[in-house]
Trainee: 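To start, I am sharing the structure in question, which I have written as structure tokens.
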Amino acid sequence: MQINSKLPHIGTTIFTVMSALAREHNAINLSQGFPDFDCSLNLMELANKYIRAGFNQYAPMPGTIELRERVAEIISHCYATNYRPDSEITITAGATQAIYTTLAAFVHPGDEVIVFEPAYDCYVPAILVHGGIPVYSQLLAPHFAINWADVRSKITPKTKAILINSPHNPSGTIITKNDLEELEKIISGTNILVISDEVYEHMVFDGQTHQSVCTNTALKAQSIIVSSFGKTVHTTGWKIGYVAAPAKIMLEFRKVHQFLVFVVNHPLQLALAEFLADKENYLELKNFYQKKRDLFLKLTSASRLKPLKTSGTYFQLMSYSAVSDEPDTDLAVRLTKEKKLATIPLSVFYSQKTDPHLLRFCFAKKDETLEKAAEIICKL
Ligand code: PMP
Ligand code: GLN
């Protein structure tokens with residue numbers, strides 16, 4: 001049988017590759033982004049409660065009303081704007097599904113989608129598989145700021161969407177209010193959809209605030225926001241997220257969603273809805289991760305690796321130029337095998353495999369894991 005691949009140039013995601021390598025070589029895993037500590041016991045008990053209470057059949061297609069109402073409340077509390085739980089919020093099987101579904105619902109063959117590089121790895125394959133064309137705009141190290149003149153120069157009659165991500169994976173940078181205004185100027189009067197990946201929305205540090213696209217009225221009208229509970233309550237393995245968008249956009253999203261996954265895990269949605277009634281369970285996250293970031297930076301301050309500024313996410317970039325001139329993928333593999341420390345090389349987030357000699361470290365780890373990792377880093 002001959003297979004005419006729809007994704008001939010796509011291999012296995014780097015996160016799977018590096019986590020498998022870390023396991024094989026018994027290395028500390030600061031590569032794939034996930035906590036090595038558990039979620040709250042209270043949340044586990046709520047999950048247990050709803051499973052035992054018999055919520056084990058299909059949830060409503062757009063998600064349980066309890067969780068959609070909770071999402072509306074969180075958005076209203078954090079960003080002072082309202083989405084209707086009935087028609088403007090849908091619960092998804094994580095952010096990856098939400099992004100894929102959005103692209104499936106909106107991208108026609110030949111449509112262009114503007115993507116910023118370095119780009120989180122699920123964006124481009126989901127554009128390509130629907131016959132879309134990724135159009136790249138570069139975020140340059142060390143600040144990884146958006147070059148709006150470049151974005152403007154890349155808008156064509158075929159531009160269907162602009163995919164933004166703040167706080168940004170892998171760089172840990174955040175967009176500003178001014179960035180939202182620039183984006184507004186570009187899309188006003190067009191049919192361009194903004195897909196805004198805000199999965200790290202509750203992890204913004206140093207007193208800065210997350211600039212959600214929904215805080216800008218004009219942008220909100222043309223945007224779909226994607227978020228994920230996996231990041232917020234330390235349950236990446238639950239794969240539950242959500243999208244929020246004006247009803248007209250959500251209607252199209254749900255047309256695809258209902259046939260892609262139909263519904264999402266029922267008892268866990270109810271557990272999340274109850275758990276997030278306590279605002280501390282998401283508002284405290286930024287302090288929690290700022291402490292982790294600061295600990296990691298302190299522990300590695302004597303290292304020859306040089307940290308870049310992380311304003312959000314649970315990732316820290318470090319330049320290894322003073323240590324090695326190897327390609328970053330070779331170095332990441334060698335560090336895992338020889339030094340027992342797994343990281344993510346930055347070049348994998350670029351279509352041309354640009355290599356700015358940076359490694360990404362995930363600091364969503366127990367303090368003792370960070371201490372052990374730092375010992376290795378300080379010896380490099
Ligand atoms: N977007 C970004 C920027 C991410 O880092 C991730 C994963 N951590 C996702 C989307 C996917 O989230 P989920 O696990 O909920 O699918
Ligand atoms: N988003 C996580 C990261 O950037 C990993 C998620 C995944 O493995 N797909 O590391």
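Scope of the values below: all heavy atoms of this structure, side chains included, with no hydrogens, waters or symmetry mates. In each ligand, atom 1 is the first atom listed, and ligand 1 is the first ligand listed.
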Trainee: Please list the nearest protein heavy atom to atom 14 (O) of ligand 1 with its residue and the distance rounded to 0.1 Å.
Mentor: Lys239 NZ, 3.0 Å
Trainee: For atom 1 (N) of ligand 1, which protein heavy atom lies nearest, and how many Å away is it?
Mentor: Asp197 OD2, 2.5 Å
Trainee: Closest non-hydrogen protein atom to atom 6 (C) of ligand 2, residue and atom name please, with distance?
Mentor: Tyr120 OH, 3.3 Å
Trainee: Taking the six-membered ring of Phe363 (Phe, Tyr or Trp), confirm whether the NZ or CZ of Arg293 is under 6.0 Å from its centre and within 45° of its axis.
Mentor: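 Judged by the rule, Arg293 and Phe363 form no cation-pi pair.
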Trainee: Which of the numbered atoms in ligand 1 are below 4.0 angstrom from a heavy atom of Tyr200?
Mentor: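 Once the distances to Tyr200 are compared, the set is 3 (C), 4 (C), 5 (O), 8 (N).
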Trainee: So, applying side-chain contact (heavy atoms from CB on, under 4.5 Å) with Asp328, which one of Thr354, Ile344, Leu346 is it?
Mentor: Leu346
Trainee: Run the salt-bridge test on Lys160 and Glu112 with the 4.0 Å N-O cut-off and return the result as yes or no.
Mentor: no
Trainee: What residue and atom, counting heavy atoms only, is the protein's closest point to atom 9 (C) of ligand 1, and at what distance?
Mentor: Tyr120 CE2, 3.5 Å
Trainee: In plain terms, say whether Asp294 and Lys298 are close enough for a salt bridge, that is, a side-chain N and a carboxylate O under 4.0 Å apart.
Mentor: no
Trainee: Should the heavy atoms of other residues, nucleotides or ligands under 6.0 Å from CD of Glu368 be counted, would the total exceed 12?
Mentor: yes
Trainee: Tell me which part of Val199 gets within contact of ligand 1: side chain, backbone, both or neither, using heavy atoms under 4.0 Å.
Mentor: side chain
Trainee: Heavy-atom contacts with Asn169 under 4.0 Å: which atoms of ligand 1 show up? List them by number with element.
Mentor: 3 (C), 4 (C), 5 (O)
Trainee: Against heavy atoms of Gly94, which atoms of ligand 1 measure under 4.0 Å?
Mentor: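 It comes down to these atoms of ligand 1: 15 (O), 16 (O).
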Trainee: Heavy-atom contacts under 4.0 Å between Val226 and ligand 1: side chain, backbone, both, or neither?
Mentor: neither
Trainee: If hydrophobic clusters are built from ILVMFWY residues whose side chains come within less than 4.5 Å, do Phe205 and Leu317 share one?
Mentor: no
Trainee: Determine, using heavy atoms of Thr236 and all atoms of ligand 1, whether some pair is separated by less than 4.0 Å.
Mentor: no
Trainee: Does some non-hydrogen atom of Phe34 fall short of 4.0 Å from ligand 2?
Mentor: no
Trainee: Answer yes when Lys177 and Glu181 have at least one side-chain N-carboxylate O distance shorter than 4.0 Å, and no when they do not.
Mentor: yes
Trainee: Compute the shortest N/O to N/O distance between Gly33 and ligand 2 and return yes if it is under 3.5 Å, no if not.
Mentor: yes
Trainee: Would Arg360 count as being in polar contact with ligand 2, using the rule that some N or O on each side must be under 3.5 angstrom apart?
Mentor: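 So ligand 2 has an N or O lying under 3.5 Å from an N or O of Arg360.
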Trainee: Which atoms from ligand 2 have a heavy atom of Gln32 less than 4.0 Å away?
Mentor: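 Selected atoms, number and element: 5 (C), 7 (C), 8 (O), 10 (O).
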Trainee: Among Tyr242, Tyr282, Trp238, find the one that has a ring pair (Phe, Tyr, Trp, His ring centres under 6.0 Å) with Phe229.
Mentor: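 Checked Tyr242, Tyr282, Trp238 against Phe229; only one passes ring pair (Phe, Tyr, Trp, His ring centres under 6.0 Å): Tyr242.
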Trainee: Identify, by atom number and element, the atoms of ligand 1 in contact range of Ser228, meaning under 4.0 Å from any of its heavy atoms.
Mentor: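 Near Ser228, the atoms of ligand 1 are 13 (P), 15 (O).
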Trainee: Does Asn169 reach ligand 2, in the sense of a heavy atom lying below 4.0 Å from it?
Mentor: yes
Trainee: Any heavy atom of Gln97 closer to ligand 1 than 4.0 angstrom?
Mentor: no
Trainee: For atom 7 (C) of ligand 1, which protein heavy atom lies nearest, and how many Å away is it?
Mentor: Lys231 NZ, 2.8 Å
Trainee: Give the numbers and elements of all ligand 2 atoms closer than 4.0 Å to a heavy atom of Phe315.
Mentor: 3 (C), 4 (O), 10 (O)
Trainee: In terms of residue, atom name and distance, what is the protein heavy atom nearest to atom 12 (O) of ligand 1?
Mentor: Ala95 CB, 3.4 Å
Trainee: Does NZ or CZ of Lys220 lie under 6.0 Å from the centre of the six-membered ring of Tyr83, at an angle within 45° of the ring axis?
Mentor: yes
Trainee: Would you confirm whether Thr310, through its side chain, and Gly312, through its main-chain N or O, come within 3.5 Å as a donor-acceptor pair?
Mentor: no
Trainee: Same cluster or not: are Phe349 and Val17 linked, directly or through other Ile, Leu, Val, Met, Phe, Trp or Tyr residues, by side-chain heavy atoms under 4.5 angstrom apart?
Mentor: no
Trainee: Given the ring of Phe34, does Lys365 sit roughly above its face, with NZ or CZ under 6.0 Å from the centre of the six-membered ring and within 45° of the axis?
Mentor: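 Yes, a cation-pi geometry holds between Lys365 and Phe34.
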Trainee: Do ligand 1 and Thr96 have nitrogen or oxygen atoms that lie under 3.5 Å from each other?
Mentor: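 Among all N and O atoms of Thr96, at least one is under 3.5 Å from an N or O of ligand 1.
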Trainee: Members other than Ile3 in its cluster, when Ile, Leu, Val, Met, Phe, Trp, Tyr link by side-chain heavy atoms under 4.5 Å?
Mentor: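 Members other than Ile3 - counting any ILVMFWY side chain reachable under 4.5 Å - are Met1.
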